[in-house]
S.K.: 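Structure incoming, see below.
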Amino acid sequence: MAKNIVMLCLVALTLCHLTFAFEPKPLQDFCVADLTSPARVNGFACKNPMLVQANDFFFSGLNIAGNTSNPVGSKVTPVTVAQLPGLNTLGIAMARVDYEPWGVNPPHVHPRASEIFTVLEGSLLAGFVTSNPENRLITKVLHKGDAFVFPMGLVHFQRNIGYGKAVAIAALSSQNPGIITIANTVFGSNPSIAVEVLAKAFQVDKNIVDQLQSKF
């Protein structure tokens, strides 16, 4: 019996740890981010609640199409705590994504959030890759009104597979989900990752690595 009680306690402690492993529940009605504060915490310091205004909880512009005139043919318009201070400590964010015909939102990772993705216009191929060692690619063609989930921390992408423009809305489970775009991170780091490292990692000639690094 004592052994069972100990096991139950351990399970309870583990569940509590998992529950609070990411963003804790707020301890007040709100904690509007003070983006000017020099304080460095896991998140932003709270603005004086007596100085909070309606605009701290407001963002305008998701009706405006992003400029997709770039090499990948897509544009993300984020609404995170950086754009909407009232999101601070609430554990949510969103983004609008615009795509040119055949445009791509390149493979990337959100290190702090899962994502639910909804197509508003057009048709998109969406997919993610499971972790090592399987590296299984899971994809689905999405049409207007369809939703798809990208689990936290997994590499994912979307591609417009139509001849017209496409638009989607993403909701994320963090006020600051972060984004790691694979190509930019690997080939555009500052300072650069050594060519020898990348050539061996990708099993390609060093000249190819030089060419890729020059693009980022």
Side-chain angles (χ1 to χ4, degrees), residues 18 21-23 57-188 202 212 215-216:
L18 290 173
F22 297 102
E23 293 163 350
F57 303 94
F58 173 78
F59 177 89
S60 180
L62 284 181
N63 61 313
I64 301 171
N67 182 2
T68 56
S69 299
N70 54 62
V72 296
S74 70
K75 174 63 176 179
V76 177
T77 303
V79 186
T80 69
V81 67
Q83 294 80 33
L84 183 52
L87 288 177
N88 198 39
T89 75
L90 298 186
I92 54 173
M94 64 187 304
R96 170 180 172 141
V97 192
D98 290 274
Y99 308 81
E100 282 291 300
W102 312 107
V104 171
N105 188 9
H108 62 279
V109 171
H110 300 296
R112 295 180 289 276
S114 297
E115 174 182 347
I116 184 165
F117 179 88
T118 305
V119 179
L120 301 183
E121 295 292 342
S123 297
L124 295 165
L125 174 67
F128 64 88
V129 181
T130 64
S131 56
N132 297 351
E134 290 83 7
N135 300 131
R136 180 184 172 203
L137 175 62
I138 297 175
T139 62
K140 180 74 175 176
V141 173
L142 306 177
H143 303 286
K144 183 177 179 178
D146 291 344
F148 196 74
V149 170
F150 302 113
M152 181 184 296
L154 296 187
V155 174
H156 58 282
F157 64 91
Q158 306 98 39
R159 183 189 184 212
N160 184 357
I161 57 174
Y163 291 95
K165 293 188 175 183
V167 184
I169 288 287
L172 302 114
S173 62
S174 170
Q175 67 261 12
N176 186 21
I179 183 167
I180 301 170
T181 306
I182 306 304
N184 300 57
T185 302
V186 172
F187 297 107
F202 287 91
L212 288 169
K215 294 181 182 296
F216 296 94

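Counting begins at 1 with the first residue of the sequence.
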S.K.: Does the ring centre of Phe202 sit less than 6.0 Å away from the ring centre of Phe187?
M.R.: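 Yes, ring centres under 6.0 Å apart.
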S.K.: Taking His110 for the side chain and Ile179 for the main chain, is one N or O donor matched with an acceptor at less than 3.5 Å?
M.R.: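 Not a single qualifying donor-acceptor pair exists.
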S.K.: Name all residues meeting the ring-ring contact (aromatic ring centres under 6.0 Å, His included) criterion together with Phe216; count only those two or more places apart in sequence or in a different chain, and write none if there are none.
M.R.: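 Listed in chain order: nothing, the list is empty.
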S.K.: Tell me if a side-chain donor or acceptor on Ser74 pairs with a main-chain N or O of Val104 at a distance below 3.5 Å.
M.R.: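 Yes, Ser74 side chain to Val104 backbone: donor-acceptor pair under 3.5 Å.
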S.K.: Could you pull out all residues at least two apart from Glu115 that satisfy salt bridge (charged side-chain N to carboxylate O under 4.0 Å, His left out)?
M.R.: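 If we apply the salt bridge (charged side-chain N to carboxylate O under 4.0 Å, His left out) test to Glu115, skipping adjacent residues, there are no hits.
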S.K.: Under 3.5 Å, side chain of Ser114 to main-chain N/O of Ser173, donor-acceptor pair present?
M.R.: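 The answer is no, because no donor-acceptor pair under 3.5 Å joins these two groups.
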S.K.: Where the side chain of Ser174 meets the backbone of Asn176, is there a donor-acceptor pair that is under 3.5 Å apart?
M.R.: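 Checking the backbone N and O of Asn176 against the side chain of Ser174, a donor-acceptor pair under 3.5 Å is found.
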S.K.: Name all residues meeting the salt bridge (charged side-chain N to carboxylate O under 4.0 Å, His left out) criterion together with Arg159; count only those two or more places apart in sequence or in a different chain, and write none if there are none.
M.R.: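 Checked Arg159 against salt bridge (charged side-chain N to carboxylate O under 4.0 Å, His left out); zero matches.
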S.K.: Measure across Pro177 and Ala113 and return the closest heavy-atom pair with its distance rounded to 0.1 Å.
M.R.: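 Closest approach of Pro177 to Ala113: CB-CB, 3.5 Å.
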S.K.: Determine whether a donor-acceptor pair (N or O, by modelled atom type, separation under 3.5 Å) exists between the side chain of Asn160 and the backbone of Gly103.
M.R.: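 Looks like no, no N/O pair under 3.5 Å.
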S.K.: Under the salt bridge (Lys or Arg N to Asp or Glu O under 4.0 Å) definition, can you give me all pairs with a residue in residues 86-96, not counting sequence neighbours?
M.R.: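 Residue pairs passing salt bridge (Lys or Arg N to Asp or Glu O under 4.0 Å), neighbours aside: Arg96-Asp98.
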S.K.: Got a second to check how far Thr130's OG1 is from Leu137's CG, nearest 0.5 Å?
M.R.: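 The OG1 atom of Thr130 sits 9.0 Å away from the CG atom of Leu137.
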S.K.: Looking at every heavy atom in both Ala95 and Val76, which two are closest together, and how far apart are they?
M.R.: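 So the two residues come closest at CB-CG1, 3.9 Å.
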S.K.: At their closest point, which heavy atom of Gly61 faces which heavy atom of Phe59, and how far apart are they?
M.R.: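 Taking Gly61 first and Phe59 second, the nearest heavy atoms are N-CE2, 4.0 Å.
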S.K.: Can you measure from CD1 (Ile169) to CG (Leu62) and round to the nearest 0.5 angstrom?
M.R.: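 Reported value, rounded in 0.5 Å steps: 5.0 Å.
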S.K.: Considering non-hydrogen atoms only, spot the tightest contact between Leu125 and Val141 and give its length.
M.R.: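 The pair with the smallest heavy-atom distance is CD1-CG2, 4.1 Å.
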S.K.: Report the distance from atom CG of Asn67 to atom NZ of Lys75, rounding to the nearest 0.5 Å.
M.R.: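 Reported to 0.5 Å precision, the distance equals 7.5 Å.
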S.K.: Looking at CG of Leu124 and NE2 of His143, how far apart are the two atoms once the value is rounded to the nearest 0.5 Å?
M.R.: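 NE2 of His143 is found 9.5 Å from CG of Leu124.
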S.K.: side-chain hydrogen bond (donor to acceptor under 3.5 Å, both in side chains) with Asn88: which residues, sequence neighbours excluded?
M.R.: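 For Asn88 there are no side-chain hydrogen bond (donor to acceptor under 3.5 Å, both in side chains) partners, ignoring immediate neighbours.
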S.K.: Going through the distances and angles, do Trp102 and Ile161 end up as a side chain to side chain contact (heavy atoms under 4.5 Å, CB included)?
M.R.: CA-CA 5 Å; Trp102 312 107; Ile161 57 174; 4.1 Å; yes
S.K.: Under the side chain to side chain contact (heavy atoms under 4.5 Å, CB included) criterion, do His108 and Phe150 qualify, and how do the steps go?
M.R.: CA-CA 11 Å; His108 62 279; Phe150 302 113; over 6 Å; no
S.K.: Is any side-chain heavy atom of Phe148 less than 4.5 Å from a side-chain heavy atom of Ile116?
M.R.: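 Phe148 does not reach Ile116 side chain to side chain.
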S.K.: Check whether any side-chain heavy atom of Phe128 sits under 4.5 Å from a side-chain heavy atom of Phe157, and report yes or no.
M.R.: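 No, too far: nothing below the 4.5 Å cut-off.
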S.K.: Using atom types as modelled and distance alone, determine if a side-chain donor or acceptor of Gln175 lies under 3.5 Å from a backbone N or O of Gly91.
M.R.: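 Side chain of Gln175 to backbone of Gly91: a pair is present.
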S.K.: Which residue pairs satisfy the salt bridge (Lys or Arg N to Asp or Glu O under 4.0 Å) criterion with at least one member in residues 135-148, sequence neighbours excluded?
M.R.: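 Counting only pairs at least two positions apart or across chains, the salt bridge (Lys or Arg N to Asp or Glu O under 4.0 Å) contacts touching residues 135-148 are Glu121-Lys144.
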S.K.: Indicate yes or no: at least one non-hydrogen side-chain atom of Ile182 is less than 4.5 angstrom from one of Pro106.
M.R.: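 Heavy-atom side-chain distance check fails, nothing below 4.5 Å.
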S.K.: Are Pro107 and His156 side-chain neighbours, meaning at least one heavy-atom pair lies under 4.5 Å?
M.R.: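 When only atoms from C-beta onward are counted, His156 and Pro107 do not touch, as no gap falls below 4.5 Å.
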S.K.: If you look at every heavy atom in Val79 and Leu84, which pair is closest and at what distance?
M.R.: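 Distance-wise, the nearest heavy atoms are CG1-CD2, 3.9 Å.
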